[in-house]
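Index from 1, following the sequence. Computed from heavy atoms alone, side chains included, the values below leave out hydrogens, waters and symmetry copies.
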Amino acid sequence: MSTVRVRFAPSPTGALHIGGLRTALYNYLYARQRGGTFILRIEDTDQKRYVPGAEEYILESLNWAGITPDEGPGIGGGHGPYRQSERRDTYRKYTQHLLDAGQAYYAFDTEAALEQRRADEKAAGNHNFRYDASTREGMRNSLSLGKEETQRLLDQDTPYVVRLRVDPGQTVHIRDIVRGDVAFQSEEVDDKVLMKADGLPTYHLANVVDDHLMAISHVIRGEEWLPSTALHVLLYRAFGWEKTMPEFAHLPLLLKPNGKGKLSKRDGQQLGIPVFPLDWKPDSTEEKLMGFREAGFLPQSTINFLAFLGWNPGTEQEIFSLPELVEAFDLDRINKSGAQYDFEKARWYNQQYLIASADDELAPLVQQQFADHGRAITTAQATRIAGLLKERVHTLEEFYPQGRYFTERVGITDEKMARKKWKSEQRPAFEELRDRLAALPEWEAAKIKAATVAFMKEHNLGFGAVLPVLRLAVSGTTNGPDAFAILETVGQEETVARLGVGYEAMEELAGRE
């Protein structure tokens with residue numbers, strides 16, 4: 001088996017989209033499954049779009065998800081630097097190589113001249129002007145100007161870009177692991193800029209040079225890069241690297257929840273759902289973008305959910321640990337069609353992981369949720385609350401709103417049920433029950449239940465008459481886990497106090513009818 005080396009190469013131009021995290025995951029899984037190397041490379045050559053803090057966000061997102069690179073910024077490795085902004089001399093060297101070989105050329109056209117040419121072409125009925133073999137002779141470049149004029153302009157430090165020379169009549173065949181055979185004609189590709197006027201490479205040049213020098217064996221990336229692959233193959237040819245070119249696998253798009261169109265950050269804002277791994281708010285002028293972590297999702301469930309957005313194991317199994325995903329993953333089982341972003345499925349995954357988690361593992365996470373709302377609870381309380389609620393919630397964020405009554409008096413929230421269940425004539429009996437519970441020597445759910453059942457038998461009352469009243473008085477609602485477990489968790493003294501207050505509140509509600 002040949003050595004597998006894959007890379008995840010995000011640009012630090014903002015928050016890492018959840019689709020980017022899926023790309024990182026698939027690269028990671030493939031590397032681990034094949035005993036290869038997973039590389040993180042920061043593609044930061046577009047300095048105009050660079051956003052401070054974005055690189056740190058990318059690294060934190062990968063760490064949270066458990067997708068650990070083997071090589072990359074801050075990690076090291078034998079093929080660094082791993083930030084493209086630190087590799088400028090390398091790109092200049094290879095750009096010069098293309099110029100010397102006649103595979104690239106200098107272009108001195110100003111932005112104003114290019115805009116004028118586009119306007120002229122549009123006026124003539126050509127709305128898709130391209131700088132290519134059919135138009136380059138009419139432009140200001142080293143192919144049209146000749147050697148002497150080109151050298152004179154270079155000596156005068158005239159601003160220029162370097163473009164790839166794409167000659168017509170070439171066929172580009174790509175064997176994509178996901179999409180099969182794909183063919184392009186070189187006439188479809190314009191003479192792309194390789195080196196910008198600021199001396200930095202474009203994505204296309206840096207991408208190909210780095211993939212070659214870092215010995216990348218497989219390029220696993222989003223479908224939106226498929227059209228650029230023809231240009232990349234032409235670059236490999238121009239360098240003479242076609243025999244060592246990596247294999248390609250272009251992943252399906254993530255689609256909106258309704259299945260129509262590509263998932264965007266705007267969808268997250270409009271629908272109130274996370275489309276990023278972590279919250280992102282770079283400055284006070286931008287609206288905060290919601291992340292999976294802050295929305296109460298476990299990293300394990302998020303990874304499991306993402307793995308199935310474009311891949312399936314060929315079995316009925318849906319719950320996979322990360323090691324199980326590594327073992328099962330195969331590029332051949334990636335779908336061609338877009339994957340619908342089903343957020344309810346993400347919630348279902350998270351619920352399954354919460355249910356499967358040990359109560360003491362969830363305890364610190366539950367503690368944090370209560371602390372975020374100004375309520376400090378002990379580890380023992382958090383452990384018990386986790387056990388009582390984990391089958392009733394979908395995210396960590398739901399523990400507090402569904403369990404706040406464990407730590408504070410919330411009053412009667414279900415007034416309709418309170419009016420239905422409270423009988424004023426039974427109040428003396430309920431006062432007696434309160435006194436019995438106050439006198440219990442051991443405050444355990446089983447003992448509380450036994451005392452309550454004995455009381456019901458003596459007064460000829462059923463569970464339907466007693467338990468709703470206890471629940472309403474203590475938690476404000478008839479919903480929730482086992483009533484006696486709630487009472488035990490709230491505590492004896494507080495339960496007795498709430499019963500007194502709750503009876504009074506229900507009596508008042510009944511009197512308003």
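- Within the 4.5 Å cutoff, the side chain of Trp443 has heavy atoms near those of the Leu437 side chain.
- Annotation for Glu493: atom CD does not count as buried by contact number, only 12 or fewer foreign heavy atoms lying within 6.0 Å.
- Arg434 contributes no side-chain N or O that, together with a main-chain N or O of Leu499, makes up a donor-acceptor pair within less than 3.5 Å.
- Two rings, from Tyr405 and Tyr400, have their centers 6.0 Å or more apart.
- With a 4.5 Å cut-off on side-chain heavy atoms, Arg179 and His250 count as touching.
- Using a distance-only test at 3.5 Å, with no hydrogens or angles considered, a donor-acceptor pair links the side chain of Asn350 to the main chain of His394.
- Side chain of Gln33 to main chain of Tyr30: no donor-acceptor pair is present (N/O by atom type, distance under 3.5 Å, no hydrogens or angles).
- The shortest distance between side-chain heavy atoms of Asn207 and Glu43 falls below 4.5 Å.
- Ring geometry, Phe484 versus Phe463: the interplanar angle exceeds 60°, so the pair is classed perpendicular (tilted spans 30 to 60°).
- Contact check on Glu223 versus Lys262 returns no salt bridge, with no Lys/Arg side-chain nitrogen under 4.0 Å from an Asp/Glu carboxylate oxygen.
- Ring orientation note: the planes of Trp311 and Phe308 are nearly perpendicular, at an angle over 60° on the 30°/60° scale.
- Salt bridge status for Asp70 with Arg32: present, with a side-chain N to carboxylate O gap under 4.0 Å.
- Looking only at distances, a side-chain donor or acceptor of Lys421 sits under 3.5 Å from a matching main-chain atom of Gly464.
- Tested against Phe297 for a ring-ring contact (aromatic ring centres under 6.0 Å, His included), the candidates Tyr349, Phe343, Tyr353 yield a single pass: Phe343.
- Side-chain rings of Trp225 and Tyr203 approach one another, their centers coming within less than 6.0 Å.
- Among Val208, Val219, Ile220, the single residue meeting the side chain to side chain contact (heavy atoms under 4.5 Å, CB included) criterion with Pro246 is Val219.
- Nearest heavy atoms, Ile412 versus Ala418: CG2-CB, 3.8 Å.
- Tyr57 places a side-chain heavy atom less than 4.5 Å from the side chain of Trp280.
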*In sequence, state the C-alpha distance, the side-chain angles, and the governing distance for Gln368 and Asp372, and then conclude on side chain to side chain donor-acceptor pair (under 3.5 Å).*
CA-CA 6 Å; Gln368 186 60 54; Asp372 289 345; 2.7 Å; yes

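- Between the side chain of Ser85 and the main chain of Thr45, no donor-acceptor pair closer than 3.5 Å is present.
- By the 30° and 60° cut-offs, the orientation of the rings of Phe430 relative to Phe455 is tilted.
- Between Asp359 and Arg384, no side-chain nitrogen of the basic residue sits less than 4.0 Å from a carboxylate oxygen of the acidic one, so the salt-bridge criterion is not met.
- A 4.5 Å side-chain heavy-atom check between Ser11 and Asp46 finds every atom pair outside the cut-off.
- Using a cutoff of 4.0 Å between basic side-chain nitrogens and carboxylate oxygens, Arg419 and Asp414 are not scored as salt-bridged.
- Checking side-chain atoms of His17 against main-chain N and O of Gly19 turns up a donor-acceptor pair under 3.5 Å.
- Panel note: side chain Ser475, backbone Thr477; a donor-acceptor pair is recorded below 3.5 Å.
- A salt bridge between Arg83 and Glu55 is present, with a side-chain N of the basic residue lying under 4.0 Å from a carboxylate O of the acidic one.
- Ion pairing between a basic and an acidic side chain is recognised when a charged N comes within 4.0 Å of a carboxylate O; Glu398 and Arg347 show such pairing.
- For the side chain to side chain contact (heavy atoms under 4.5 Å, CB included) with Gln381, the lone residue among Thr383, Thr379, Thr378 that qualifies is Thr378.
- Tested against Asp211 for a side-chain hydrogen bond (donor to acceptor under 3.5 Å, both in side chains), the candidates His218, Arg41, His232 yield a single pass: Arg41.
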(Q) Does Arg333 form a side chain to side chain donor-acceptor pair (under 3.5 Å) with Asn312? I'd like the steps, not just the answer. (A) CA-CA 6 Å; Arg333 299 205 65 85; Asn312 72 81; 3.2 Å; yes

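- Taking the side chain as every heavy atom from C-beta outward, Arg5 and Glu71 approach each other to under 4.5 Å.
- Between Arg22 and Leu251, the shortest heavy-atom contact is NH2-CB, 3.5 Å.
- At a threshold of 4.5 Å between non-hydrogen side-chain atoms, the residues Leu354 and Leu362 count as touching.
- Residue Asn460 places its CG atom among 12 or fewer non-hydrogen atoms of other residues, nucleotides or ligands, all under 6.0 Å distant.
- Gln47 and Asp198 share no donor-acceptor pair across their side chains, judged by distance under 3.5 Å alone.
- Ring geometry for Tyr26 versus Phe329: interplanar angle of 30 to 60°, hence tilted.
- Rounded to the nearest 0.5 angstrom, Gln369 CD and Ile377 CD1 are separated by 10.0 Å.
- When atom types are taken as modelled, the side chain of Asp342 and the backbone of Lys345 share a donor-acceptor pair closer than 3.5 angstrom.
- Within 6.0 Å of CD in Glu425 there are more than 12 heavy atoms belonging to other residues, nucleotides or ligands.
- Side-chain N or O atoms of Asn258 include one that pairs as donor or acceptor with a backbone N or O of Lys260 at under 3.5 Å.
- The local environment of CD in Glu327 is sparse, with at most 12 non-hydrogen atoms from other residues, nucleotides or ligands closer than 6.0 Å.
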The test is side-chain contact (heavy atoms from CB on, under 4.5 Å); show your working for Leu62 and Leu40 and say whether it passes.
CA-CA 10 Å; Leu62 294 178; Leu40 173 64; 4.0 Å; yes

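- Side-chain contact between Ile18 and Pro277 is present, with at least one heavy-atom pair separated by less than 4.5 Å.
- The aromatic ring centres of Trp422 and Tyr503 sit less than 6.0 Å apart.
- Between Glu247 and Arg175 no salt bridge is recorded (no basic side-chain N to carboxylate O distance below 4.0 Å).
- Under the 4.0 Å criterion applied to side-chain N and carboxylate O atoms, Arg427 and Glu504 are assigned as salt-bridge partners.
- Atom CZ of Arg49 sits in a sparse spot, with 12 or fewer heavy atoms from other residues, nucleotides or ligands closer than 6.0 Å.
- Counting only distance, with no hydrogens or angles, the side chain of Lys265 and the backbone of Leu289 share no donor-acceptor pair below 3.5 Å.
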